Amino acid sequence: MAAPPKPTRIGLAGLAVMGQNLALNIAEKGFPISVYNRTTSKVDETVERAKNEGNLPLYGFHDPESFVKSIQKPRVIIMLVKAGAPVDQTIKTLSVYLEKGDSIIDGGNEWYENTERREKAMAELGLLYLGMGVSGGEEGARYGPSMMPGGSFEAYKYIEDILLKVSAQVPDSGPCVTYIGKGGSGNFVKMIHNGIEYGDMQLIAEAYDVLKSVGKLSNEELRSVFSEWNKGELLSFLIEITADIFGIKDDKGDGYLVDKVLDKTGMKGTGKWTVQQAAELSVAAPTIESSLDARFLSGLKEERVKAAKVFKSAGFGDILTAPEVDKAKLIDDVRQALYASKICSYAQGMNLIRAKSIEQGWDLKLGELARIWKGGCIIRAVFLDRIKQAYDRNADLANLLVDPEFSKEIIERQSAWRRVVCLSINSGISTPGMSASLAYFDSYRRERLPANLVQAQRDYFGAHTYERTDVEGAFHTEWFKIAKQSKI
């Protein structure tokens with residue numbers, strides 16, 4: 001392997017697709033980079049790609065010692081390996097050759113507490129540590145991802161110049177990277193980003209189901225509808241790729257590929273972590289939770305096939321009723337329902353980030369997060385600009401729903417939203433994300449909820465006490481005794 005003429009600017013360990021692409025991106029931006037992977041064939045493959053993609057300044061190493069020693073001091077090494085034990089193993093392998101003041105950056109989807117544990121352990125060795133969320137998939141990694149670094153600010157400053165150039169560039173708001181905050185905040189923010197992504201994908205899938213099952217739209221019509229939506233308020237990466245998916249013909253048979261894809265959704269775990277954190281923080285996130293449940297239910301394919309037979313024999317078809325609908329009206333209603341539901345999903349994600357920031361003392365800037373998600377990442381959307389503006393107007397905004405702009409948009413769309421949810425219910429099509437979003441909105445906008453009854457029940461059977469609307473203090477009533485006496 002050709003050695004670099006002088007020490008490289010940065011190193012990268014872990015050359016699966018994301019690692020390779022990020023390394024090539026860094027090299028292409030003019031930063032000489034050393035790369036290493038335990039499986040040496042990956043190193044050779046990356047070096048070959050660098051040669052073919054423009055003789056980029058990328059240098060491969062088959063052993064960790066020469067890899068580490070090839071990097072200029074203070075050394076900075078990005079790891080892109082699988083979360084958990086492989087990260088600890090890679091740190092162990094590299095740290096033997098690192099010196100005080102060197103930095104390690106974990107670019108994987110790691111649980112934030114693991115990052116905090118490692119940052120402390122590294123500090124004892126005199127090393128700096130960052131946990132950096134990277135979003136945008138393989139395309140983003142190669143041509144400009146959204147990056148969320150958290151942990152050692154000193155380590156961030158060492159590579160700020162690289163990250164500013166390598167990240168996605170949005171013309172009116174700059175590079176999609178910022179120092180997120182202390183500890184595991186970068187990983188936490190990336191995790192919630194993924195939770196919001198779960199919600200977004202589920203809502204889009206429900207819009208597709210209603211249009212296809214009730215509106216009887218063909219794949220070509222769906223492609224045209226989503227392409228049209230992608231020119232307006234829903235303009236986003238996920239809407240764009242959805243339009244593309246509907247247009248792709250099956251290469252192994254007749255018809256369209258989307259119809260041949262098995263209806264079982266996989267997952268890596270960040271959505272589950274988001275929902276667990278929502279429960280831990282006592283923050284309602286029903287849209288994100290419903291998207292996780294939908295994935296669990298999709299996994300029960302064999303059970304669903306059997307259940308369909310059971311209910312078919314009782315007269316339940318795939319759709320209960322297929323009412324005559326005005327296609328153009330339905331398409332417009334679904335667009336509005338999707339947008340309103342999406343506001344709720346993002347509101348829940350932002351509330352989770354704020355609650356965690358308060359708990360941990362991270363002082364996260366929600367508007368700045370919306371800004372760095374505008375490009376490069378999976379949830380990138382024109383809509384995020386509106387979220388940034390909402391937090392610019394009021395940094396302490398309690399909920400996106402009460403921002404003057406968003407509240408106006410929800411009010412304008414709520415009738416269409418209710419029509420779509422009712423139509424789905426009556427047709428026997430589940431729209432858990434849209435329904436959960438609507439229930440979230442309806443609960444949040446009501447001054448009085450039936451929680452008074454639940455609290456009365458808790459006091460009845462468990463003497464948990466209750467507060468009153470008219471007098472200060474905690475009260476307990478002997479409900480059972482009073483009820484018994486009144487029955488005598």
Side-chain angles (χ1 to χ4, degrees), residues 1-64 66-81 90 94 103-108 130 132-149 156 158-178 237 240-241 244 372 374-378 380:
M1 309 235 98
K6 60 181 190 177
T8 58
R9 176 73 173 78
I10 191 168
L12 189 142
L15 297 170
V17 181
M18 284 288 283
Q20 280 193 25
N21 282 357
L22 190 60
L24 292 162
N25 182 354
I26 291 169
E28 193 169 58
K29 298 299 188 301
F31 301 101
I33 184 169
S34 303
V35 299
Y36 164 75
N37 196 78
R38 216 172 48 171
T39 312
T40 55
S41 61
K42 290 278 186 203
V43 177
D44 303 340
E45 196 183 297
T46 313
V47 168
E48 189 58 28
R49 277 187 68 189
K51 205 171 95 188
N52 296 337
E53 293 180 26
N55 281 323
L56 304 175
L58 180 144
Y59 305 91
F61 295 87
H62 285 175
D63 71 286
S66 52
F67 162 66
V68 172
K69 292 193 168 160
S70 71
I71 305 161
Q72 73 177 42
K73 296 179 187 177
R75 302 180 185 94
V76 176
I77 296 173
I78 298 176
M79 298 180 294
L80 272 163
V81 297
T90 307
L94 300 176
S103 309
I104 293 181
I105 296 163
D106 176 12
L130 272 179
M132 181 169 73
V134 179
S135 177
E138 43 193 275
E139 278 292 293
R142 180 65 185 83
Y143 300 108
S146 171
M147 295 189 276
M148 299 153 244
Y156 171 72
Y158 282 151
I159 59 154
E160 185 176 43
D161 60 331
I162 299 179
L163 299 183
L164 289 173
K165 281 200 172 163
V166 165
S167 61
Q169 309 291 316
V170 174
D172 60 341
S173 60
C176 292
V177 64
T178 189
F237 173 67
E240 180 191 333
I241 67 168
D244 289 348
I372 67 165
K374 278 173 62 183
C377 71
I378 304 300
R380 63 182 180 266

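If you're wondering where the values come from, they're calculated on a predicted model, not measured in any experiment.
- Residue Lys29 qualifies as enclosed at atom NZ: its count of foreign heavy atoms under 6.0 Å is above 12.
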Q.
Please determine whether side-chain contact (heavy atoms from CB on, under 4.5 Å) holds for the pair Leu15 and Val43, giving the CA-CA distance in whole Å, both sets of side-chain angles, and the decisive distance to 0.1 Å.
A. CA-CA 7 Å; Leu15 297 170; Val43 177; 4.1 Å; yes
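- Closest of all the heavy-atom pairs between Pro175 and Ile372 is O-CG2, 4.4 Å.
- A donor-acceptor contact shorter than 3.5 Å is absent between the side chain of Thr46 and the backbone of Gln20.
- Not one N or O on the side chain of Ser146 forms a donor-acceptor pair closer than 3.5 Å with the backbone of Gly376.
- To the nearest 0.5 Å, atoms OH (Tyr36) and CD1 (Ile71) are separated by 12.0 Å.
- Under a cut-off of 6.0 angstrom, the local environment of CD in Glu139 is sparse, with at most 12 non-hydrogen atoms contributed by other residues, nucleotides or ligands.
- Atoms CE and CG, from Met147 and Leu130 in turn, are 11.5 Å apart once rounded to the nearest 0.5 Å.
- Side-chain contact between Tyr158 and Pro74 is present, with heavy atoms from C-beta onward closer than 4.5 Å.
- What you find for Val170 and Cys176 is that their closest heavy atoms are CG2-SG, 3.6 Å.
- Proximity of a side-chain donor or acceptor of Asn21 to a complementary backbone N or O of Ala141 within less than 3.5 Å is not detected.
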Q: Dump the intermediate steps for side-chain contact (heavy atoms from CB on, under 4.5 Å) on Ile77 and Phe67, then the final yes or no.
A: CA-CA 10 Å; Ile77 296 173; Phe67 162 66; 3.9 Å; yes
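- In terms of modelled atom types and a separation under 3.5 Å, the side chain of Gln169 and the main chain of Ser167 share a donor-acceptor contact.
- From Gln72, atom CD reaches atom OG1 of Thr8 across 7.5 Å, with rounding to the nearest 0.5 Å.
- Considering all non-hydrogen atoms of both residues, Pro145 and Asn25 come closest at CD-ND2, 3.8 Å.
- Between Ile26 and Ile78 there is a side-chain heavy-atom pair separated by less than 4.5 Å.
- Interatomic distance, CD of Glu160 versus OG1 of Thr178, reported as 8.0 Å (0.5 Å rounding).
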Q: Show the numbers, then the answer: is there a side-chain contact (heavy atoms from CB on, under 4.5 Å) between Asp161 and Arg9?
A: CA-CA 11 Å; Asp161 60 331; Arg9 176 73 173 78; 2.7 Å; yes
Q.
As a quick check of understanding, evaluate side-chain contact (heavy atoms from CB on, under 4.5 Å) for Arg380 and Ser135, giving each step before the final call.
A. CA-CA 10 Å; Arg380 63 182 180 266; Ser135 177; over 6 Å; no
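- Atom OH of residue Tyr59 and atom OG of residue Ser70 lie 10.0 Å apart, to the nearest 0.5 angstrom.
- The shortest heavy-atom contact between Asp172 and Lys374 is OD1-NZ, 3.4 Å.
- Counting non-hydrogen atoms of neighbouring residues, nucleotides and ligands closer than 6.0 angstrom, the CZ atom of Arg49 exceeds 12 such neighbours.
- Taking every heavy atom of both residues into account, Pro149 and Leu163 meet most closely at CG-CD1, 4.2 Å.
- Minimum heavy-atom separation, Leu58 to Ala23: CD1-CB, 3.9 Å.
- Summarising the geometry, atom CE belonging to Met132 is positioned 5.5 Å from atom CD1 belonging to Ile159; distances are rounded to the nearest 0.5 Å.
- Between the side chain of Asn37 and the main chain of Lys42, no donor-acceptor pair closer than 3.5 Å is present.
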